[in-house]
Enquirer: 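I have a structure here, written as structure tokens, and I will follow up with some questions on it.
Below, each value reflects all heavy atoms present in this structure, side chains not excepted, and no hydrogens, waters or symmetry copies. Protein chains get the first letters and strands the later ones, always in sequence-line order, with residue 1 at the start of each.
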Number of protein chains: 4
Amino acid sequence: MNKMLGKRAVSAHQKNLRREALLTAARELFVEAGFFDVSMAMIAKRAAMAKGTVYLYYKTKEELFLELSRRDLEIWFEDLISKLQNLPENPETHAFVKAVMATLEGRQTAIRLLSLLHLVLEQNVSREEVLNFKLDLLNHSEIAGAEIERVLPFVHQGQGVEILAAIHCQIIGWGQMTDISPVVNEVLEDKRLSPLRIDFAASLQTSLLCMVEGIKKLSSP
Amino acid sequence: MNKMLGKRAVSAHQKNLRREALLTAARELFVEAGFFDVSMAMIAKRAAMAKGTVYLYYKTKEELFLELSRRDLEIWFEDLISKLQNLPENPETHAFVKAVMATLEGRQTAIRLLSLLHLVLEQNVSREEVLNFKLDLLNHSEIAGAEIERVLPFVHQGQGVEILAAIHCQIIGWGQMTDISPVVNEVLEDKRLSPLRIDFAASLQTSLLCMVEGIKKLSSP
Amino acid sequence: MNKMLGKRAVSAHQKNLRREALLTAARELFVEAGFFDVSMAMIAKRAAMAKGTVYLYYKTKEELFLELSRRDLEIWFEDLISKLQNLPENPETHAFVKAVMATLEGRQTAIRLLSLLHLVLEQNVSREEVLNFKLDLLNHSEIAGAEIERVLPFVHQGQGVEILAAIHCQIIGWGQMTDISPVVNEVLEDKRLSPLRIDFAASLQTSLLCMVEGIKKLSSP
Amino acid sequence: MNKMLGKRAVSAHQKNLRREALLTAARELFVEAGFFDVSMAMIAKRAAMAKGTVYLYYKTKEELFLELSRRDLEIWFEDLISKLQNLPENPETHAFVKAVMATLEGRQTAIRLLSLLHLVLEQNVSREEVLNFKLDLLNHSEIAGAEIERVLPFVHQGQGVEILAAIHCQIIGWGQMTDISPVVNEVLEDKRLSPLRIDFAASLQTSLLCMVEGIKKLSSP
DNA sequence: TATGAATGAGAGTTCATTCAT
DNA sequence: TATGAATGAACTCTCATTCAT
């Protein structure tokens with residue numbers, strides 16, 4: 001038994017501590033080994049709980065990781081919104097992109113979770129959980145979207161959320177293309193393959209820059 | 001025994017037919033159930049072969065699907081190159097994007113495979129297989145990249161492959177975001193969530209348009 | 001579920017019952033079919049457990065049978081030590097051999113396990129398990145060895161364990177030569193082969209007799 | 001195709017070459033990896049034949065190894081008979097045992113095969129093969145047995161074969177007890193276990209000595 | 001005679017999930 | 001609420017043997 005958590009979580013507060021402990025354990029293991037190679041048994045052990053206990057808090061492995069994604073996304077959104085708020089109106093495109101890029105620094109885990117989200121996390125989860133997740137996502141998206149609309153004057157109303165989705169899309173895309181397995185890494189050391197070696201940050205920054213410039217151009221008559 | 005294939009694949013041609021049969025079976029099942037819910041046993045059964053026989057042709061499930069991806073990518077690249085060749089030099093951005101979009105029509109499977117590629121297919125596969133796959137990919141990328149450079153005069157040399165990667169990135173990104181599970185689909189019918197309902201083709205087309213316009217603008221002084 | 005064992009083995013006692021049930025099932029099947037033709041699945045079924053449950057108690061098939069051997073050896077050693085203790089000091093060689101032979105009556109299974117021990121059981125088992133097994137074996141050997149030294153005055157100190165090993169050797173040897181397959185049994189009915197028909201007890205008794213007499217003779221000046 | 005063997009074995013001579021090649025391959029692999037870890041595919045490959053071809057010469061894996069054992073036993077018997085013939089009548093017990101021991105030098109493979117013989121090789125083999133093997137064995141045993149009777153005058157008629165069986169028994173017994181797996185070897189390095197460390201040659205020699213002395217003593221009134 | 005593709009049962013093992021305690 | 005024993009389907013993969021060619 002985890003001494004820190006006490007014997008039984010009776011109060012809502014204690015239950016939240018348990019949930020938090022599980023998420024922390026899951027995140028650590030996810031970083032170390034990836035989603036597929038982490039088992040519920042490992043998570044339980046790391047969180048100093050019994051296997052069965054995990055299921056009192058999360059009905060499936062996917063639900064646990066979906067919650068983890070929600071937390072990470074929430075933090076990211078808050079960071080993004082805050083950084084956008086600090087931008088002057090109609091900034092250099094470059095400044096806008098830099099701000100977005102800054103929100104991704106040190107967020108490898110969140111980026112990897114984003115890639116898993118659609119492929120695995122939204123499976124084997126109840127309607128209700130998905131709905132809550134999506135409502136949460138929408139909520140944050142709309143706030144961040146509005147902020148984008150405020151900052152970039154050439155973005156018309158409602159387009160903010162779409163731009164957010166496009167950013168999301170590129171994070172997933174570049175994320176996957178650069179989050180490669182050790183074997184691939186080794187193979188890519190072959191000189192002939194140098195054109196296929198891609199840097200996440202550089203590629204994302206460039207493509208975001210193009211995107212924003214493109215939007216700007218297409219918006220003005 | 002599969003009557004169509006004969007009893008034994010002795011000639012190289014017959015062996016290729018067997019490989020093809022396995023790929024076809026795998027593709028069908030992949031469409032029906034997705035990568036994770038398809039087992040080698042199912043593929044064997046669908047291809048009317050014994051379980052052990054599959055392993056004579058592909059050492060792992062990942063190797064089989066990697067080959068499937070290679071085939072689909074090859075076809076896609078050929079289509080892309082051909083459609084680019086049919087474009088006049090310096091076409092309307094819209095025409096360029098339309099051409100790219102046209103290559104994706106009816107290619108759901110290829111798009112889904114592209115998403116899996118980095119996450120799972122390039123694991124549990126030998127160095128050699130990955131190397132061959134990558135060399136193949138590079139080869140096609142360079143031809144298509146050169147064609148892009150020819151078609152879009154503002155794209156300077158070597159940038160064609162990068163643009164291809166960016167297209168690739170967006171196909172993966174939008175692909176994942178729109179290739180959703182039945183539960184999610186159901187949830188998204190909720191009116192409140194309409195801003196999160198995304199159409200693959202529309203989103204990709206728009207974002208490609210922006211990207212190309214952005215590149216054009218950033219390239220000209 | 002096995003009604004006798006209850007639903008869940010929570011206490012150490014209940015777990016031991018489970019282990020015992022598995023050993024019993026394994027022993028029965030071993031008698032019926034031999035080591036190679038017994039699978040973990042069969043053992044599980046016979047013990048009325050699920051396949052996965054077996055692996056909670058024994059990590060490999062070899063570990064299970066090693067434990068079975070340990071139990072059988074332990075019982076044999078206890079019997080041997082007790083029978084030796086009941087012997088007067090410096091008995092007739094014949095009486096000594098008879099005592100040893102008596103410990104083997106109705107111990108076919110133990111004899112067959114002894115033969116497998118070195119060939120297969122000590123493979124695919126962890127260092128630790130082997131070590132424990134060997135320590136156990138040594139422990140019993142030393143007690144029995146000391147008893148042999150007490151009983152046979154011409155046996156000098158430390159030689160008891162060696163004699164035990166020689167007994168062990170002959171049990172294995174005659175055991176293997178007489179534990180023959182049905183086909184061989186059938187073949188040996190051929191009159192010409194009568195010199196090759198060997199009886200375990202008779203052969204062992206004779207060879208032990210010779211051995212002890214030989215030791216006696218070689219020890220006295 | 002193995003160039004040395006030619007394309008097709010039509011003549012009896014060529015067929016024998018094939019059989020010999022298979023036995024050689026099997027012996028090499030048996031030394032390297034042991035019976036269980038050698039597959040028919042490996043043997044075929046080593047002998048530069050196709051898998052199916054092996055089955056034209058030996059109906060089962062066991063039959064092949066049984067033949068291998070027969071060859072090795074034959075050679076051993078010839079050596080034994082020859083060495084016994086070179087002994088003077090009524091030699092020192094020690095000289096007799098030395099002669100037997102000398103026949104085992106460099107015959108690890110034969111010794112290991114002997115241990116497998118009863119446990120696995122005589123299974124999954126046709127009646128006929130076993131009969132031939134046994135007749136062969138009997139034949140050699142009788143010659144060698146007669147030689148023993150000649151050499152050791154206290155051995156009465158018919159007892160020679162029995163003594164041979166007892167020698168056989170001890171070779172198997174000590175062979176198994178000393179032919180240990182790497183794990184066991186490692187474990188036996190533990191100082192506490194030193195009494196369990198056994199040397200094949202030393203143990204066998206001692207036990208043969210005792211046996212012969214015992215027989216001598218028990219034979220004389 | 002020779003081949004090697006095909007078989008397919010079965011091996012050991014894992015693990016998300018359930019549920020008696 | 002917490003436990004962890006139990007489940008059992010599913011997994012990948014092996015290999016002696018068969019048999020169409």
Enquirer: For K45(C) and dG10(E), what is the distance between atoms NZ and P respectively, to the nearest whole Å?
Expert: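 It is 11 Å, rounded to the nearest whole Å.
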Enquirer: Expressed as a whole number of angstroms, how long is the span from Q14(C):CD to dG4(F):P?
Expert: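 Result: 15 Å.
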Enquirer: Y57(B) near the nucleic acid: base, sugar-phosphate alone, or nothing, with a heavy-atom cut-off under 4.0 Å?
Expert: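 Sugar-phosphate, no base atom in range.
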Enquirer: Which whole-number value in Å describes the distance from E63(D) CD to dA16(F) C1'?
Expert: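 Spelled out: CD on E63(D) to C1' on dA16(F) is 14 Å.
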Enquirer: Whole angstroms only, please: what is the CE-P distance between M49(A) and dT17(E)?
Expert: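 Spelled out: CE on M49(A) to P on dT17(E) is 17 Å.
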Enquirer: Measure from the side-chain heavy atoms of T53(C) and tell me the nearest of dT1(F), dG4(E), dT7(F).
Expert: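 From the listed options, dT7(F) comes nearest.
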Enquirer: List the residues meeting side-chain hydrogen bond (donor to acceptor under 3.5 Å, both in side chains) with R19(D), not counting sequence neighbours, and say none if there are none.
Expert: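 For R19(D), no residue satisfies side-chain hydrogen bond (donor to acceptor under 3.5 Å, both in side chains) once neighbours in sequence are set aside.
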Enquirer: side-chain hydrogen bond (donor to acceptor under 3.5 Å, both in side chains) with E67(C): which residues, sequence neighbours excluded?
Expert: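 For E67(C) the side-chain hydrogen bond (donor to acceptor under 3.5 Å, both in side chains) partners, ignoring immediate neighbours, are R70(C), R71(C).
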Enquirer: Side-chain polar contacts of residues 35-45 of chain B - donor-acceptor pairs under 3.5 angstrom, sequence neighbours left out - could you list them?
Expert:
from: S39(B); atom 1: OG; to: A41(B); atom 2: N; distance (Å): 3.4
from: S39(B); atom 1: OG; to: M42(B); atom 2: N; distance (Å): 3.1

Enquirer: Round to the nearest Å and state the distance from M42(D) atom CE to dT14(F) atom P.
Expert: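 It is 13 Å, rounded to the nearest whole Å.
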Enquirer: For Watson-Crick and G-U wobble pairs within 3.5 Å on both distances, what is DNA chain F written in dot-bracket notation, | included for inter-strand pairing?
Expert: .||||||||||||||||||||
Enquirer: Taking side-chain hydrogen bond (donor to acceptor under 3.5 Å, both in side chains) as the test, write out the residues that go with E62(C), two or more places apart.
Expert: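 In terms of side-chain hydrogen bond (donor to acceptor under 3.5 Å, both in side chains), with neighbours along the sequence ignored, E62(C) is linked to N124(C).
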Enquirer: Can T60(D) and E63(D) be counted as having a side-chain donor-acceptor contact under 3.5 angstrom?
Expert: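 Per modelled atom types, T60(D) and E63(D) side chains form no pair under 3.5 Å.
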Enquirer: If I take atom CG in residue L56(D) and atom P in nucleotide dT17(F), what distance separates them, rounded to the nearest angstrom?
Expert: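 My rounded result for the distance is 14 Å.
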Enquirer: Can you tell me how far C1' of dA2(F) sits from NZ of K15(A), to the nearest Å?
Expert: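 Value for this atom pair: 12 Å.
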Enquirer: Using whole Å, what does the distance between atom C1' of nucleotide dT1(E) and atom CG of L17(D) come to?
Expert: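 Atom-to-atom, L17(D) to dT1(E), this comes out as 15 Å.
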Enquirer: Kindly write out the residues that satisfy ring pair (Phe, Tyr, Trp, His ring centres under 6.0 Å) with F30(C), not counting sequence neighbours, or none if the list is empty.
Expert: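 For F30(C) the ring pair (Phe, Tyr, Trp, His ring centres under 6.0 Å) partners, ignoring immediate neighbours, are F65(C).
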Enquirer: If the condition is salt bridge (charged side-chain N to carboxylate O under 4.0 Å, His left out), which residues does R112(D) pass it with, not counting sequence neighbours?
Expert: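 Listed in chain order: D179(D).
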Enquirer: Applying ring pair (Phe, Tyr, Trp, His ring centres under 6.0 Å), name anything that partners Y55(D), two or more places apart in sequence or on another chain.
Expert: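 Checked Y55(D) against ring pair (Phe, Tyr, Trp, His ring centres under 6.0 Å); zero matches.
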Enquirer: I'd like a list of close polar pairs between nucleotides 13-16 of chain E and the protein, N/O only, cut-off under 3.5 Å.
Expert:
from: dT13(E); atom 1: OP2; to: K59(C); atom 2: O; distance (Å): 3.1
from: dT13(E); atom 1: O4; to: K51(C); atom 2: NZ; distance (Å): 2.9
from: dA16(E); atom 1: OP2; to: M40(A); atom 2: N; distance (Å): 2.8

